[in-house]
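Numbered from 1 within each chain, the chains take letters A, B, ... in sequence-line order. As a basis for the values below, the full set of heavy atoms in this structure was taken, side chains included, without hydrogen atoms, waters or symmetry mates.
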Amino acid sequence: MQCAESRNRASASKHHTGVNAQTTLAGSALGQWYGPLTSPFLAMRVSRLMLVTLRDDPAEAEIVSHKLLLRAGYTRRISSGIYAYLPLLWRVLQKISQIVREEMNATGALEVLLPQLQPADLWERSGRWAGYTAGEGIMFHLTDRQGREQGLGPTHEEVITTLAADLIRSYRQLPVNLYQIQTKFRDEIRPRFGLMRGREFIMKDAYSFHADEASLRETYADMDGAYRRIFARCGLRTVAVEADSGAIGGSASQEFMVTAEAGEDLVLASADGRYAANQERAVSLASEALPLGPDPCQQLSTPGQTTIEALVAAHGFDPSQIVKVLLLAARFADGTVQPVLVSLRGDQQLNEVKLANALTAVLADHGALLEVAPIDGAFVERWSLTPGAIPFGYLGPDLADDTLDQKGKAPGVALTSAPQSPVAPPRLERHFLRLADLTALDLPRFVCGANQADSHRVGATWADLGPLPQTVDLRAAQPGDRCLHDPSQHLEATRGIEVGHIFQLGRKYSTALDATFTNEAGQEEPLWMGCYGIGVSRLAQAAVEQNHDANGICWPLAIAPYAVIIVIANLNEPLQVKLAERLYGELQSAGVEVMLDDRDERAGVKFKDADLIGIPFRVVVGRGAASGQIELVSRVEGERQDLAAEDLLTCLMQRIRP
RNA sequence: CGGGGCGUGGCGCAGCUUGGUAGCGCGGGUGCUUUGGGAGCACUAGGUCGCAGGUUCGAAUCCUGUCGCCCCGACCA
């Protein structure tokens, strides 16, 4: 299939007017968008590549990988969070896809392609339509000409589970694992960093179905292994971490992080390598609290001391002796607005993700959690609460429910939400949900607000404060914390880019969408499910973030758009052109993915570009061409090697396929 | 959504405070010279300053609105 290019090689003139195989759009005959690389894509003349490299960093890019992908001509922004994949990047994406495909297939997973346009009623059945389309929801949605609502798939649980409900009847068909590599649409609150967080991006997503949880665990472990092989084959350094399941739901989940400074996630890991988790999820041992003196509880005048810092400065307390109280309001899909009092030890920070999970679990009846926001003056006004009833800055865990009483207007009159809102109108609960982190509840005696302005209590005990709040793990683990598995170990922080995530979903979606099978005993039961994602386009950029130097990208060989670039140093030297063309043909024939820089540019320009676009091996055909001598340069090590043209193929093959 | 910043030839920027109808570098084209790490010289094409109003004799510049893009945040009372 590479014959078209071979034929043209002979006719390509010095001015490169010959039509190359690449321009015949042979690729479209592949049929599959994300299909494997085939021979028409084996080689490329740079003069035909529409390659535009930039000298200056584009103003739109902030992080190095984004700058390099733009400068080296891999991508262009079309609008915020939406990018075109140019020819070189498309090859990278196809290579990554192919590695993913091979490893997925090796586990017995089946490739499919599911619709991106998905009917609202599917999402209503799973209970996610409102949450995904209203407010902070990320699903692009539209109404078709029949007036039916449709969403653009941000993920495919609903579709795949519906298919499973249709197709899976018996335990004899199980387990199965289906995957696809496809464009996803997510209307991100804030797209950023190019392909890192786009609104349209390429993802591999897989969904497995099982007769029981043990089988799910088995496939989950298979996926863990497959993912490790995929990232290793892509040449990436990754770390697998415990993760929060987030909006997808379910129980166990693990993320795969490409370690890089520009990563959006914070990973906390122990030096012994036995524990690693996303900070959202991480657990650790808090430091011991300093004990407070035995004096009985008494009021302390603390005018203007509304922060932990001020209390500490004025009275010499240690932050660990204080219970701080955060006042928040959680809004749910059914319109409920639930005031929440969170008690934390003064030296600890709230982990919002843990809080959101706790709220979702405790108040499951109210549907999806849409928002958690602080209660402040604006909130008091909005809900016509008694002004001044809530003594901000002096809150105690026992703040009375009657501070939520309304003054004046009848409930809800002045504050209905926009009439066209798809979500139920908000309705304020008139009592607090009281939660406390274990580190706060463990304090025998502590300092806390007195629920009146300018006053705290010293030596309070939980017994003094009425009913105990619900105990939940709410504190954020921090770098330096002691580890649970071995208190002599401490958590260390690394930044990471999440490129993969695997979940044990359980039966959440199968139950909601009535996807059942008949078990061995002849009874119907919901399928067990797992899901497994890889951000293919994000992975490409993460690879750049992890593999670059001052001169440009240094692609790992396995995902480089081409393995080799042959540079003709001086196009006016017929001997050089002739030798380069000969080597170009030889490498193609040997199946090497090779590009030929046949542009009429000075050598320096071509060297710079070769470095910038990051091709792993550069062959320079220059002055030595007359005597059949060429130069082989490795992009990463920069090592140069002079050799006879006849030895190039052998030498390269050793490097490329050791 | 809140905060901050930015929109001026293809790209990166200056000009704006103190209104007088655009400038620099790179890039593009042509020619000559040069030819192993982003060449030199000459000539040349290309923008009416995001868009819409307004003020003014006159607006890239001042005012209002609007659109787009980037960054931080959307928890710590």
Side-chain angles (χ1 to χ4, degrees), chain A residues 52-63 66-67 70-73 76-82 134-137 187-194 197 264 280 305-311 319 322 324-330 340-356 370-380 390-396 399 437 449 451 453 474-476 550-552 567-573 576 597 599-612 618-625 629-631 633 638 640 642:
Chain A
V52 176
T53 56
L54 306 173
R55 293 195 189 205
D56 299 313
D57 285 334
E60 72 186 65
E62 192 74 11
I63 62 174
H66 189 197
K67 289 177 180 172
L70 288 166
R71 278 189 57 205
R76 285 290 134 107
R77 190 192 67 218
I78 300 304
S79 79
S80 180
I82 298 177
E136 312 268 277
D187 196 359
E188 293 285 349
I189 296 170
R190 183 150 87 89
R192 62 190 128 174
F193 304 146
R197 184 173 295 276
E264 290 188 87
E280 295 175 348
Q305 296 160 22
T306 59
T307 64
I308 302 278
E309 296 73 38
L311 273 177
I322 301 170
K324 68 177 169 187
V325 174
L326 310 181
L327 186 50
L328 305 156
V340 185
L341 270 178
V342 177
S343 298
L344 282 174
R345 208 171 82 185
D347 61 335
Q348 301 299 317
Q349 302 296 314
L350 175 65
N351 179 323
E352 281 180 81
V353 175
K354 289 181 180 177
L355 175 62
L370 301 182
E371 182 190 27
V372 179
I375 290 180
D376 52 16
F379 184 94
V380 168
I390 300 176
F392 292 110
Y394 299 93
L395 304 180
L399 180 66
D437 184 70
N451 294 323
L474 292 173
R475 63 178 283 273
N551 295 318
V567 174
I568 307 174
N570 187 340
L571 219 61
N572 296 320
E573 295 289 343
Q576 292 183 16
D597 196 342
R599 293 175 300 170
D600 192 4
E601 296 285 350
R602 292 162 64 87
V605 173
K606 293 192 265 200
F607 295 158
K608 286 285 188 192
D609 277 346
D611 286 349
L612 182 60
R618 187 176 83 215
V619 173
V620 183
V621 181
R623 290 179 182 132
Q629 287 292 112
I630 56 167
E631 185 183 64
V633 187
R640 286 146 201 271
D642 290 308

- Message: Which residues in residues 341-349 of chain A have a heavy atom closer than 4.0 Å to any atom of RNA chain B?
- Response: A/Q349

- Charged N to carboxylate O below 4.0 Å: is that the case for A/E573 and A/R623? no

- Looking only at atom C1', what distance separates B/rG15 and B/rU61, rounded to whole Å? 9 Å

- Return no unless some side-chain N or O of A/R190 is found under 4.0 Å from OP1 or OP2 of B/rA74. no

- Message: Does the structure show a Watson-Crick or G-U wobble partner for B/rA39, both distances under 3.5 Å? Name it, or say none.
- Response: B/rU33

- Item | Sugar-phosphate only, base, or nothing, as touched by A/I308 at under 4.0 Å among non-hydrogen atoms | nothing

- Have a look at A/S79 and say if it touches a base, only the backbone sugar-phosphate, or nothing, with a 4.0 Å heavy-atom cut-off. sugar-phosphate

- Item | Nearest-nucleotide pick for A/R77, side chain only, options being B/rC69, B/rC76, B/rA77 | B/rC69

- If pairing requires Watson-Crick or G-U wobble contacts with both distances under 3.5 Å, which nucleotide is the partner of B/rC1? B/rG73

- Residue A/R192, side-chain heavy atoms: nucleotide from B/rC72, B/rC75, B/rG38 that is nearest: B/rC72

- Here the gap from A/L474 atom CG to A/L344 atom CG, rounded to the nearest 0.5 Å, amounts to 6.5 Å

- Task: Sticking with atom P, work out how far B/rC41 lies from B/rU48, rounded to a whole angstrom.
- Result: 29 Å

- NZ/NE/NH1/NH2 to OD/OE distance under 4.0 Å, A/K606 and A/E601: no

- Task: Using the P atom as the reference point in each nucleotide, state the distance between B/rC6 and B/rG12 in Å, no decimals.
- Result: 16 Å

- Task: Go along nucleotides 30-36 of chain B 5' to 3' and tag each nucleotide: B for a protein heavy atom under 4.0 Å from its base, S when only backbone or sugar atoms are that close, - otherwise.
- Result: ----BBB

- Taking atom P in both B/rU21 and B/rU64, compute the distance separating them and give it to the nearest angstrom. 25 Å

- Query: Between atom NZ of A/K67 and atom CG of A/D57, what is the distance when rounded to the nearest 0.5 Å?
  - Reply: 4.5 Å

- Task: Could you tell me whether A/L355 contacts a base, only the sugar-phosphate backbone, or nothing, with contacts defined as non-hydrogen atoms closer than 4.0 Å?
- Result: nothing

- Message: Working to the nearest 0.5 angstrom, can you tell me the gap between A/R475 CZ and A/L355 CG?
- Response: 15.0 Å

- Task: Looking at every strand, decide which applies to A/D57 at a 4.0 Å heavy-atom threshold: base, sugar-phosphate, or nothing.
- Result: sugar-phosphate

- Hey, mind stepping through A/E264 and A/R192 against salt bridge (charged side-chain N to carboxylate O under 4.0 Å, His left out) and telling me if it holds? CA-CA 10 Å; A/E264 290 188 87; A/R192 62 190 128 174; 3.1 Å; yes

- Item | Interatomic spacing from CG in A/L328 to CG in A/L350 - rounded to 0.5 Å | 7.0 Å

- Answer yes or no: is there an ion pair linking A/R618 with A/D597, defined by an N-O contact shorter than 4.0 Å? no

- Item | B/rG28 to B/rU18 separation - P atoms, rounded to the nearest Å | 41 Å

- Partner of B/rG28 by Watson-Crick or G-U wobble geometry, both contacts under 3.5 Å, or none? B/rU44

- Which whole number of Å gives the distance between the C1' atom of B/rU8 and that of B/rG23? 10 Å

- If pairing requires Watson-Crick or G-U wobble contacts with both distances under 3.5 Å, which nucleotide is the partner of B/rA52? B/rU64

- What is the distance from atom NZ of A/K324 to atom CD of A/Q348, rounded to the nearest 0.5 Å? 8.0 Å

- Message: Give me the distance, rounded to whole Å, that separates B/rG3 from B/rA39 when you measure between the P atoms they each carry.
- Response: 47 Å

- Message: OP1 or OP2 of B/rC70 versus the side-chain N and O atoms of A/S80: is any pair under 4.0 Å?
- Response: yes

- Message: Any base atoms under 4.0 Å from A/E60, or only sugar-phosphate, or nothing? Heavy atoms, all strands.
- Response: sugar-phosphate

- Query: Does any N or O donor sit under 3.5 Å from an N or O acceptor when you compare the side chain of A/D611 with the base of B/rG37?
  - Reply: yes

- Query: Mind checking who B/rU21 pairs with, Watson-Crick or G-U wobble, both distances under 3.5 Å?
  - Reply: none

- Message: Rounded to the nearest 0.5 Å, what separates atom CG in A/D437 from atom CZ in A/R345?
- Response: 9.0 Å

- Query: Do A/R71 side-chain and B/rG38 base share a donor-acceptor contact under 3.5 Å?
  - Reply: yes

- Query: Choosing from B/rC75, B/rA39, B/rC71, which nucleotide comes nearest the side chain of A/P374?
  - Reply: B/rC75

- Message: What's the gap between B/rG37 and B/rG31 when it is taken at their C1' atoms, as a whole Å value?
- Response: 26 Å

